[in-house]
Amino acid sequence: MKALLLSEYGRLETVEVPMPRPGPDEVLIRVAACGICGSDVHGYDGSSGRRIPPIIMGHEAAGTIVAAGAGASGAREGQPVTFDSTIYCGECDYCRKGEVNLCDRRQVLGVSTPEYRREGAFAQYVAVPNRVVHKLPASTPFAEAAMIEPLAVAVHAVALSNLRKGDAALVIGAGMIGLLVLQALKQAGCPQVFVSDIDGTRLQMAKDLGASAIINAKESDAVAEVKALTSGAGVDVALEAVGSTPTVKTAIESVRKGGTVTLIGNIAPTVEIPLQAVVSRQIRLQGSAASSGEYPRCIEMLASGAVNVKPLISVVAPLEEGPVWFERLHERQPNLMKVILTPGEDGK
Ligand SMILES: [Zn+2]
Ligand SMILES: [Zn+2]
């Protein structure tokens, strides 16, 4: 089969590799669409250290089941599916509690570290455990289904945010995850969702997707703007989808006393926080990792039109064009949001 291989840092090539063979509890999926994640771009140049070559990356995917192991009950050939990017064991204490994102034996598809290597979905076929697979309605286009993985990340973060109906929220960062968080907050019953970023184009997209107000943090004081929008009180919750000292600080200073800050972004491994503001104002800091159990709801949100991912997809391109698009994403070409690669022929 054809696969896009990271053979060394900064070097991707389309190569011929053996087809994966599904184990007893696995299914073999013909990949129709797989999105390039920011984490793939940070793996591509070696900066994250989580894509040690050689590795086939790709964890935001959808396709069709073409074969199933003997123990993969309920798997049917020809069934359109998507799958969790977290390969969890299903047996440890966390998995039993439904916290599969915290699984003791957690692996991530298309990731290689010194501990493990798990080939991903930038390939014509991928084998994954049947337990991580979710059926798709026939009406969902594969390219949009590839967005269910990042949508689940957003919905999970919102679910952890201690929200009550009517709460006002701030989203920091209008990238892919931030724009999905915005939509998930509206769905969760937040009448007022403000979005801050330093990129005017992305802020306009946030406005188009339903933001009540947009704040350009390059041109104005984001905290002061939030206070002005909330009669001086601050928002009930802030979701931080960047992960740097200034943005985490903005999140903490923008919430009301007793409010919640949910931390999703983590481009910096360490940030400085205004400790006394957190303690004396009793702010809750909540980390959010991947997702656990949100896939079915996200599939439904996409199918019903409750969430619109179309404006977030910039390009749908064949697998062979992967090296070019990775390079453009790496160079931060303006206005380039999600790039979806299509290794298969199912141009649905
Ligand atoms: Zn991702
Ligand atoms: Zn587990």
Side-chain angles (χ1 to χ4, degrees), residues 4 6 23 25-26 31 33-45 47-51 55-62 82-113 115-116 118-123 126 128-134 143-157 173 175-181 184 239 241-243 263-267 287-295 298 302 309 312-315 322 325-326 329-330 336-341:
L4 188 65
L6 182 70
D25 66 344
E26 288 188 329
V31 181
C34 184
I36 303 178
C37 176
S39 68
D40 293 324
V41 180
H42 293 129
Y44 164 72
D45 65 10
S47 59
S48 75
R50 285 179 54 80
R51 304 290 192 282
I55 177 76
I56 299 166
M57 302 188 282
H59 58 269
E60 303 176 352
T82 184
F83 36 91
D84 203 327
S85 56
T86 299
I87 308 295
Y88 49 87
C89 76
E91 289 164 5
C92 71
D93 285 350
Y94 289 105
C95 282
R96 281 179 210 272
K97 282 189 285 188
E99 296 172 328
V100 297
N101 54 335
L102 306 180
C103 171
D104 283 331
R105 289 183 276 261
R106 173 177 197 240
Q107 295 190 344
V108 182
L109 205 66
V111 166
S112 50
T113 69
E115 287 79 44
Y116 73 87
R118 183 96 206 187
E119 304 291 2
F122 287 134
V126 66
V128 297
N130 191 37
R131 76 180 80 88
V132 307
V133 170
H134 297 273
E144 290 183 34
M147 300 288 284
I148 289 168
E149 196 269 354
L151 177 60
V153 171
V155 171
H156 182 69
M176 181 61 45
I177 297 295
L179 293 172
L180 292 169
V181 167
L239 290 97
V242 181
L263 302 165
I264 316 164
N266 57 96
I267 50 169
S288 182
S291 67
S292 59
E294 284 85 4
Y295 269 72
C298 292
L302 198 59
V309 297
L312 308 180
I313 301 175
S314 304
V315 179
W325 290 108
F326 261 87
L329 287 163
H330 190 249
L336 192 55
M337 296 287 285
K338 183 61 77 186
V339 176
I340 308 261
L341 300 179

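All figures in this text were calculated on a predicted structure; none of them were measured in a lab. First listed ligand is number 1; within each ligand, the first listed atom is number 1.
- We find the CZ-CG distance between Phe83 and Leu109 to be 6.0 Å, quoted to the nearest 0.5 Å.
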- [ ] Please lay out, stage by stage, how Phe122 and Asp40 fare under the test side chain to side chain contact (heavy atoms under 4.5 Å, CB included).
- [x] CA-CA 11 Å; Phe122 287 134; Asp40 293 324; 3.9 Å; yes

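- The closest approach of His59 to the Zn ion (ligand 1), by N/O/S atoms, is made by NE2.
- If you put the vertex on the Zn ion (ligand 2), SG of Cys95 and SG of Cys103 sit 100° apart, to the nearest 10°.
- Centred on the Zn ion (ligand 2), the angle running from Cys89 (SG) to Cys92 (SG) is recorded as 110°, rounding to 10°.
- No side-chain donor-acceptor contact under 3.5 Å links Ser292 to the backbone of Glu99.
- Between Tyr295 and His134, the ring-plane angle classifies as parallel under the 30° and 60° cut-offs.
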